[in-house]
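Here the structure comes first, spelled out in structure tokens, and everything after it is commentary.
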Amino acid sequence: MKRTLLLFFCCAFLYSQTTKQVEGIRSNTPAVHALKNLTIIPSPGKKIEKGTIVIRDGVIQAVGANIPIPADAREWDCSGMTAYAGMIDLFTEYGQPKPRPAQAESLRGATYWNTNVKADYSAAEYFSPDNSTAEKLRAQGFTTVLSISPSGIFKGSSVVTNLGEGSANEQVLQRDVFQHVTLQRSGFGGGYPNSLMG
């Protein structure tokens, strides 16, 4: 029976760039791994039998059928496994709290008078992994998402996260990626603007 391996998760397990502090004595030796004897699907319609993937410090260095294995690499025999390139969803609300009526929101500090303007919102600060949603996305081939606020016209900054299991610190790859603006207003916040163009 063939086993399927989502390549991105393999990289995440072998090397994880986290925002969580590492405690205790640790080695800073570069992590180099060679995944051998894989069936690799690099793109639709392309297939590499008995391929090799070389990963250095969490970044894929080489993929192919006759890839030389670096001397400092730890070799993994992945016979019977298939590696697929993982997809990235660039517009989700994954891990963000559900929108609430403006009067129910606990506002921090001096905020803008219009609750649809949330330019100071940081999706990374509110991010909380949702295992059941992550599992559904992984089943569709997604390994990583860009997550933004579910409400507002000026939505604030987004965060890029993995869809693996673990804490928020372990899943966040990049915070404050972009500032997002949308012409679709949410049902909460009332009042001005009352049309898409304000």
Side-chain angles (χ1 to χ4, degrees), residues 2-22 30-35 38-48 51-64 67 73-74 76 78 81-99 118-119 121-152 154-182 184:
K2 287 194 173 181
R3 291 173 291 168
T4 300
L5 170 71
L6 284 177
L7 179 57
F8 197 92
F9 283 107
C10 181
C11 295
F13 288 134
L14 297 176
Y15 179 82
S16 178
Q17 293 181 334
T18 69
T19 55
K20 183 178 181 182
Q21 180 180 5
V22 179
V32 186
H33 301 273
L35 312 179
L38 277 166
T39 298
I40 303 170
I41 312 294
S43 62
K46 293 187 179 179
K47 186 176 185 180
I48 301 172
T52 301
I53 300 173
V54 176
I55 303 166
R56 182 178 295 275
D57 293 332
V59 177
I60 297 173
Q61 259 194 340
V63 177
I67 300 297
R74 180 175 179 185
W76 301 82
C78 298
M81 294 186 177
T82 301
Y84 292 88
M87 295 187 293
I88 301 173
D89 191 332
L90 293 177
F91 192 83
T92 73
E93 297 168 0
Y94 171 73
Q96 296 301 310
K98 301 294 182 204
K118 306 166 100 174
Y121 185 93
S122 172
E125 290 182 22
Y126 291 90
F127 173 69
S128 178
D130 178 349
N131 290 333
S132 101
T133 303
E135 189 173 351
K136 290 174 187 173
L137 288 166
R138 289 196 303 264
Q140 297 171 25
F142 291 98
T143 57
T144 307
V145 298
L146 180 97
S147 179
I148 63 171
S149 166
S151 63
F154 288 87
K155 293 178 171 286
S157 62
S158 54
V159 60
V160 174
T161 74
N162 281 333
L163 294 172
E165 295 179 358
S167 69
N169 282 339
E170 293 169 327
Q171 299 309 311
V172 169
L173 293 175
Q174 181 68 50
R175 18 181 332 131
D176 302 329
V177 181
F178 299 111
Q179 279 282 334
H180 293 264
V181 179
T182 180
Q184 183 175 359

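On a predicted model such as this, the values are computed, not experimentally measured, just so you know.
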Side chain to side chain contact (heavy atoms under 4.5 Å, CB included) partner of Val159, the single match among Val145, Leu173, Val172, Leu146: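 When side chain to side chain contact (heavy atoms under 4.5 Å, CB included) is applied between Val159 and each of Val145, Leu173, Val172, Leu146, only Val172 qualifies.
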Please list, chain by chain and in numerical order, all residues satisfying side chain to side chain donor-acceptor pair (under 3.5 Å) with [X], sequence neighbours excluded.
X: Thr161; answer: none
X: Asp176; answer: Ser122, Ser157
X: Thr92; answer: none
X: Ser149; answer: none

Closest non-hydrogen atom pair between [X] and [Y], with its separation:
X: Arg175; Y: Ala124; answer: CB-CB, 3.6 Å
X: Pro129; Y: Gly166; answer: CG-O, 3.6 Å
X: Ser147; Y: Ala123; answer: O-CB, 3.5 Å

Can you measure from [atom1] ([X]) to [atom2] ([Y]) and round to the nearest 0.5 angstrom?
X: Ile55; Y: Gln61; atom1: CD1; atom2: CD; result: 10.0 Å
X: Leu38; Y: Tyr84; atom1: CG; atom2: OH; result: 11.5 Å
X: Tyr121; Y: Ser151; atom1: OH; atom2: OG; result: 7.5 Å
X: Leu90; Y: Phe142; atom1: CG; atom2: CZ; result: 9.0 Å
X: Thr143; Y: Ile88; atom1: OG1; atom2: CD1; result: 6.0 Å
X: Ile148; Y: Lys155; atom1: CD1; atom2: NZ; result: 4.5 Å

N/O donor-acceptor pair under 3.5 Å between [X] side chain and [Y] backbone:
X: Gln96; Y: Glu93; value: no
X: Asn162; Y: Thr144; value: no
X: Gln171; Y: Gly164; value: yes

Residues which pass side-chain contact (heavy atoms from CB on, under 4.5 Å) with Ala62, listed by chain and number, not counting sequence neighbours: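 side-chain contact (heavy atoms from CB on, under 4.5 Å) check on Ala62 returns Val54, Ile67.
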Contacts of type side-chain contact (heavy atoms from CB on, under 4.5 Å), residue Glu135, not counting sequence neighbours: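 Here the qualifying residues are Arg138.
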4.5 Å side-chain heavy-atom contact, Glu165 and Glu170: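 Counting from C-beta outward, Glu165 and Glu170 never come under 4.5 Å.
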Val63 vs Ile53 side-chain heavy atoms within contact, under 4.5 Å: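 They are in contact (side-chain heavy atoms under 4.5 Å apart), so the answer is yes.
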Pairing residues for Phe127 by the ring pair (Phe, Tyr, Trp, His ring centres under 6.0 Å) criterion, not counting sequence neighbours: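 By the ring pair (Phe, Tyr, Trp, His ring centres under 6.0 Å) rule, Phe127 matches Tyr94.
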